[in-house]
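One structure is given below, encoded as C-alpha cells.
Hydrogens, waters and symmetry mates are skipped; everything else that's a heavy atom, side chains included, is used. For clarity, every value in this text was computed on a predicted model and none was experimentally measured. Residue numbering restarts at 1 for every chain, and letters A, B, ... go by the order of the sequence lines.
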Amino acid sequence: MQLKEILFEKLKISQEGIGKTKTGISTAAAELEKLHDQHEIVPLIEDYRELTKLQSTYVDALPKLINPKTGRVHTEFNQTITATGRLSSSNPNLQNIPIRTAWGKAIRKAFVADRGQRIVSADYSQVELRVIACLAKDKNMMEVFKKGEDIHATTAAKIFEVPLEKVDKEMRSAAKEVNFGVLYGMGAYGLAWRKKISRERAREFIEKYFETYKDVKIYLDKIKDTARDLGYVQTLFGRRRYLPEINSGVAQVRLSAERMAINMPIQGTAADLMKIAMIEVYKVIKDINQKSFNHEIIVKMMLQVHDELVFEVPMDMVEQVAKIIDEKMEKIHKLEVPIKVDTEAGKNWQEMEELY
DNA sequence: ATCCAAAGCCAC
DNA sequence: AAACGTGGCTTTGGAT
Ligand SMILES: Nc1nc2c(ncn2[C@H]2C[C@H](O)[C@@H](COP(=O)(O)OP(=O)(O)OP(=O)(O)O)O2)c(=O)[nH]1
Ligand SMILES: [Mn+2]
Ligand SMILES: [Mn+2]
C-alpha cells in the first residue's frame, strides 16, 4: 500500500500545491513538509522516512559487509563510471555516509580509527567555486578568494537574512545548494521551492549573483556556445564529455544538455585536480611508510569523497603527516586563486577537530 | 529467480 | 514560464 493512497485517498488530505511525479502525486520530503500541520500523522511519517532510510541503507547493511580478515568495510572505487571524471564508490558506497541529521551523525561516528590511530581528513575548501573563478577569470570571485573570504557563508547570511557572524555550520551547508544550484542553472522557481523563500526574492538573488560574478555568467554562456559548435565540453586538463543532445530540437532535452555542459568542465576540473593530488599524496605517504620500522604501512589512504581524502595515521604522527598532505594538496596545480584545504583529525569520522 | 523502472533520499 | 549537476542504494510493484 502506497503512502500517497493513504494520505490523499483514505485521509483525504488536500492535494493543493503538492508537486507531481510521472505517475501521480509526490510524497517527497519537501512536499510532506507542506502537509506538516495538516494531519497529525505527517510529522510521524517524516521521522519514519528518515529513520528507515538510515536503518536499511547503513545500520543494517554495513555491519554485514565487514571483512572478517581485516575487520573493515571495503568499498570499490570505480574509475570509468561518471560523465565528469569523478570516481564513484559502490558495494558499499562509502561516498554518501550520512552527516546532516543527528541520527546521521551517529552513523558516521561508527567509522573509527584503529587503536593508537587517528582519522585525518583533508577537504578542498569551496572547491568548485575556486575552479570556476579561475576558468571564468572572474575578477570579483577571484578577489573574494584572494581575500580569504567564504562565499558559502556569505550566501547563507543573505538567504537566512542574518549577519555573517550568525551563520552556523548547518546554514552554511544549506547555502552550498544555493551557490551550486544557481551556478548550474537552477531557476527562481526551483530556488524558491527548495529554500522556502518567495519567488521574488529568489529571482532577485539569482540576478544579483550573476551581476556580481558577471564573468562567470559570460563564461557559462561561452561553454554552451562551444558545446554547440564542437559537440563536447572539456576540463582544464582536456578531459572531454560529448553532448550530442545539445543541438536537440526538443527544448527540454536541449536545456538539460546545456546544464550538463556547464557543469562538466567545473566538476570535472575539480575531479582532475583531486586525482592528480591523490597520486602525489600517495608518493609522499609511500616515502613515509618506507622509513617506518620494518617498512610497515602505518599511514593509510582510506577513502576519497570527491574533494576529500580520508587517512588513518598513527596518533603521534598526525600533525606532521597532516601538514605534508595539506601542502601537497594545496600546491597540486598553480591556479590564479589560492587553493585551500581544510584538515581535520579525530578518533572517528564524526568528531573531528580542525588542525592549525 | 531475475530483471526493470520509478520514487525517494543519502552524499559531494 | 521554466530548469542545479554528479553518483549509489533501498523499496515497491510489475514483467519476464
Ligand atoms: N552541483 C552541485 N554540486 C555540489 C553540490 N554539493 C557539492 N557539490 C560539489 C561542489 C563542491 O565544491 C564539491 C565538494 O563539496 P563540499 O561539500 O566539500 O563543498 P565545498 O568544497 O564547496 O565547500 P567546503 O569549503 O568544503 O565546505 O562538490 C550540490 O548540491 N550541487
Ligand atoms: Mn570541500
Ligand atoms: Mn567535501
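- Distance from the side chain of Val305(A) is smallest for dC12(B) among the nucleotides dC12(B), dC4(C), dG7(C).
- In this structure, CG of Leu94(A) is placed 11 Å from C1' of dG8(C), rounded to the nearest angstrom.
- When rounded to the nearest whole Å, the span between OH of Tyr184(A) and C1' of dA2(C) equals 21 Å.
- A straight line from CG of Leu51(A) to P of dT10(C) spans 17 Å, rounded to a whole angstrom.
- In this structure, of dG8(C), dC4(C), dG8(B), it is dG8(C) that holds the atom nearest to the side chain of Ser90(A).
- Phosphate contact (OP1/OP2 of dT11(C), side-chain N/O of Thr52(A), threshold under 4.0 Å): absent.
- The side chain of Thr57(A) contributes no N or O atom lying less than 4.0 Å from OP1 or OP2 of dG8(C).
- Contact annotation: side chain of Lys53(A) to base of dC9(B), donor-acceptor pair present below 3.5 Å.
- Residue Ser56(A) places its side chain closer to dT10(C) than to any other of dC12(B), dT10(C), dG7(C).
- Among dG8(B), dC12(B), dT6(C), the nucleotide with an atom closest to any side-chain atom of Gln267(A) is dT6(C).
- OP1 or OP2 of dT6(C) sits under 4.0 Å from a side-chain N or O of Arg241(A).
- For the side-chain contact (heavy atoms from CB on, under 4.5 Å) test with Val281(A), the passing option among Ile332(A), Ile276(A), Ile325(A), Ile324(A) is Ile325(A); the others fail.
- The nearest pair of heavy atoms linking Ala192(A) to Ala202(A) is N-CB, 3.8 Å.
- Considering only side-chain N and O atoms, Arg49(A) lies nowhere under 4.0 angstrom from the phosphate OP1 or OP2 of dG8(B).
- Side-chain contact annotation: Ser89(A) with Asn78(A), donor-acceptor N/O pair under 3.5 Å absent.
- The side chain of Ile99(A) has dC12(B) as its nearest neighbour among dC12(B), dG5(C), dC9(C).
- An OP1 or OP2 oxygen of dC12(B) is reached within less than 4.0 angstrom by no side-chain nitrogen or oxygen of Arg86(A).
- The side chain of Tyr58(A) lies closest to dC10(B), out of dG7(C), dC10(B), dG5(C).
- Across all their heavy atoms, Ala30(A) and Lys196(A) have their closest contact at O-NZ, 3.9 Å.
- Considering only the side chain of Asn96(A), dA11(B) comes nearest among dG8(B), dA11(B), dT6(C).
- Considering only side-chain atoms of Ser88(A), the nucleotide from dG8(B), dT6(C), dG8(C) that sits closest is dG8(C).
- Relative to the side chain of Leu54(A), the nucleotides dT10(C), dC10(B), dA3(C) differ in distance, and dC10(B) lies closest.
- Not one side-chain nitrogen or oxygen of Thr82(A) sits closer than 4.0 Å to the OP1 or OP2 atom of dG7(C).
- Qualifying side-chain contact (heavy atoms from CB on, under 4.5 Å) partners for Met317(A), counting only residues two or more places apart in sequence or in other chains: Ile288(A), Ile298(A), Val299(A), Val313(A), Pro314(A), Gln320(A), Val321(A).
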Worked verdict on Tyr124(A) versus His306(A) for ring-ring contact (aromatic ring centres under 6.0 Å, His included): CA-CA 9 Å; Tyr124(A) 281 109; His306(A) 309 301; over 10 Å; no
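- The distance between atom CZ of Phe180(A) and atom P of dC4(C), rounded to the nearest whole Å, is 16 Å.
- On the P atoms, dA7(B) is 15 Å away from dA3(C), given to the nearest whole Å.
- Mapping Asn91(A) and Thr84(A) onto DNA chain C via the closest heavy atom, the residue that lands nearer the 5' end is Thr84(A).
- Across the protein-nucleic acid pair, Asp221(A) atom CG and dA3(C) atom P stand 19 Å apart, rounded to whole Å.
- Lys64(A) places its NZ atom 14 Å from the P atom of dC9(C), with the value rounded to the nearest Å.
- Rounded to a whole Å, the CG atom of Asp60(A) is 16 Å from the P atom of dC10(B).
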Under 3.5 Å, side-chain donor or acceptor atoms of residues 336-343 of chain A against the rest of the protein: list the pairs with distances, not counting sequence neighbours.
unit_1, atom_1, unit_2, atom_2, d
Glu336(A), OE2, Lys137(A), NZ, 2.6
Lys340(A), NZ, Asp342(A), OD1, 3.1
Thr343(A), OG1, Asp326(A), OD2, 2.4

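- Of the candidates dT6(C), dA3(C), dC9(C), dT6(C) carries the atom nearest the Met260(A) side chain, counting heavy atoms from C-beta on.
- What separates CD1 of Ile107(A) from P of dA11(B) is a distance of 9 Å, to the nearest Å.
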